[in-house]
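Worksheet: one structure, shown below.
These values consider heavy atoms only, across backbone and side chains, with no hydrogens, waters or symmetry-generated copies. Throughout, a chain's letter reflects where its sequence line sits, starting with A, and its residues are numbered from 1.
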Amino acid sequence: MEWSELATESRILTRSFYNRDAVTVARELLGKILVHRRAAGMIVETEAYLGGSDLAAHSARGVTNRTRVIFGPPGHAYVYFIYGMHECLNLVAEPEGSPGCVLIRAAEPVAGIEIMKRRRPKSRSMEKLASGPGNLTRAFAITRAQNGADVTRGPLVVRKWSREPKFEIQATPRIGIRHCADWPLRFVIAGNKAVSG
DNA sequence: CAATAGATCATCT
DNA sequence: GATGATCTATTGC
């Protein structure tokens with residue numbers, strides 16, 4: 001992929017893309033291109049976090065300082081800090097007032113691979129550069145500074161390919177949670193080498 | 001290989 | 001004061 005193509009405003013996902021239920025958004029984000037700070041990668045693994053009885057979601061106990069953005073308008077980034085070391089990127093779905101977001105767990109590098117390698121010197125293979133939510137934010141230089149950022153306008157955006165790739169979606173339980181551990185809300189591109197776990 | 005420990009801190013009880 | 005939507009190195013088989 002050429003950076004000149006990524007620099008255009010065309011094919012950036014719009015607000016209406018995110019203004020749907022979190023499961024639909026999680027499935028449709030697969031195969032799209034995450035772009036930030038001279039790095040681009042195809043999203044290959046997502047997880048949906050819902051409102052209602054989904055106790056695994058950070059929004060399950062209502063609006064707090066941290067979870068406020070999840071209740072806000074769709075198409076914004078929710079970035080949180082966990083385990084004293086890692087930051088994780090979510091994209092907010094659902095209409096304003098209704099909680100729901102999608103955790104971006106892995107991406108396959110498409111452009112800016114040398115920059116990603118520099119940000120993740122310990123990574124042994126290209127496929128693993130942005131595999132796992134903490135590794136992904138590291139490779140893309142995404143931090144809590146991006147919390148609340150509008151993802152329908154740069155510098156952090158998600159794009160479509162000029163020709164949509166074909167692939168099979170596989171649904172599995174979400175990773176690393178206690179509550180609702182058997183809900184099949186993790187979605188991966190079947191067989192892709194950049195998928196984590 | 002699989003299992004485990006340690007790092008390390010924002011958030012909420 | 002405990003916990004957690006993780007990662008890596010290390011240990012043990």
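An aromatic stack links A/Tyr49 and the base of C/dA5, using centre distance under 5.5 Å and interplanar angle under 30°.
Minimum heavy-atom separation, A/Phe167 to A/Gly31: CE2-CA, 3.8 Å. Contact record, A/Leu29 with A/Leu13: CD2-CD1, 3.9 Å, taken as the closest heavy-atom pair.
When the C1' atom of B/dA10 is taken as reference, atom CD of A/Glu87 falls 11 Å away, rounded to whole Å. As rounded to whole Å, 16 Å separates atom C1' of B/dT13 from atom CG of A/Asn65. In this structure, A/Tyr80 atom OH and B/dT8 atom P are separated by 20 Å, rounded to whole Å. We find that CD1 of A/Ile82 is positioned 4 Å from C1' of C/dG4, with the value rounded to whole Å. As rounded to whole Å, 19 Å separates atom P of C/dA5 from atom CD1 of A/Ile142. Atom NE2 in A/His179 sits about 8 Å away from atom P in C/dA5, given to the nearest Å. Distance CE (A/Met85) to P (C/dT8): 10 Å, rounded to an integer number of Å. In this entry the distance linking CG of A/Asn135 with P of C/dT6 reads 11 Å, nearest Å.
Nucleotides of DNA chain B nearest to A/Arg144 and A/His86 differ in position, and the one nearer the 5' end is that of A/His86. In terms of position along DNA chain C, the nucleotide closest to A/Cys88 lies nearer the 5' end than the nucleotide closest to the other residue of the pair A/Cys88 and A/Lys122.
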Check your understanding: Does the pair A/Tyr18 and A/His76 meet the rule for a side chain to side chain donor-acceptor pair (under 3.5 Å), with working shown?
Key -> CA-CA 9 Å; A/Tyr18 300 98; A/His76 290 255; over 6 Å; no
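For B/dA7, its base never sits under 3.5 Å from the side chain of A/Tyr83 at any donor and acceptor pair.
Taking a pair to require two hydrogen-bonding distances under 3.5 Å in either a Watson-Crick or a G-U wobble arrangement, C/dG12 pairs with B/dC1. The partner of C/dA5 cannot be assigned: no Watson-Crick or G-U wobble pair with both contacts below 3.5 Å exists in any strand.
Residue A/Arg186 is classed as having no contact, given no heavy-atom separation below 4.0 Å to the nucleic acid. Residue contacts shown for A/Arg66 are limited to sugar-phosphate atoms, with no base heavy atom under 4.0 Å away. Across all strands shown, A/Arg120 has heavy atoms under 4.0 Å from sugar-phosphate atoms exclusively, and none from any base.
Remark: A/Arg178 is in phosphate contact with C/dG4, judged by side-chain N or O atoms under 4.0 Å from OP1 or OP2. Of the side-chain N and O atoms in A/His58, one or more sit less than 4.0 angstrom from OP1 or OP2 of C/dA5. Proximity of A/Arg124 to the phosphate of C/dT8: no side-chain N or O atom is located under 4.0 Å from OP1 or OP2.
Cation-pi check for A/Arg20 over A/Phe17 is met; the charged atom lies under 6.0 angstrom from the ring centroid and within 45 degrees of its normal.
Annotation: A/Arg153, atom CZ; neighbour count of heavy atoms from other residues, nucleotides and ligands within 6.0 Å does not exceed 12.
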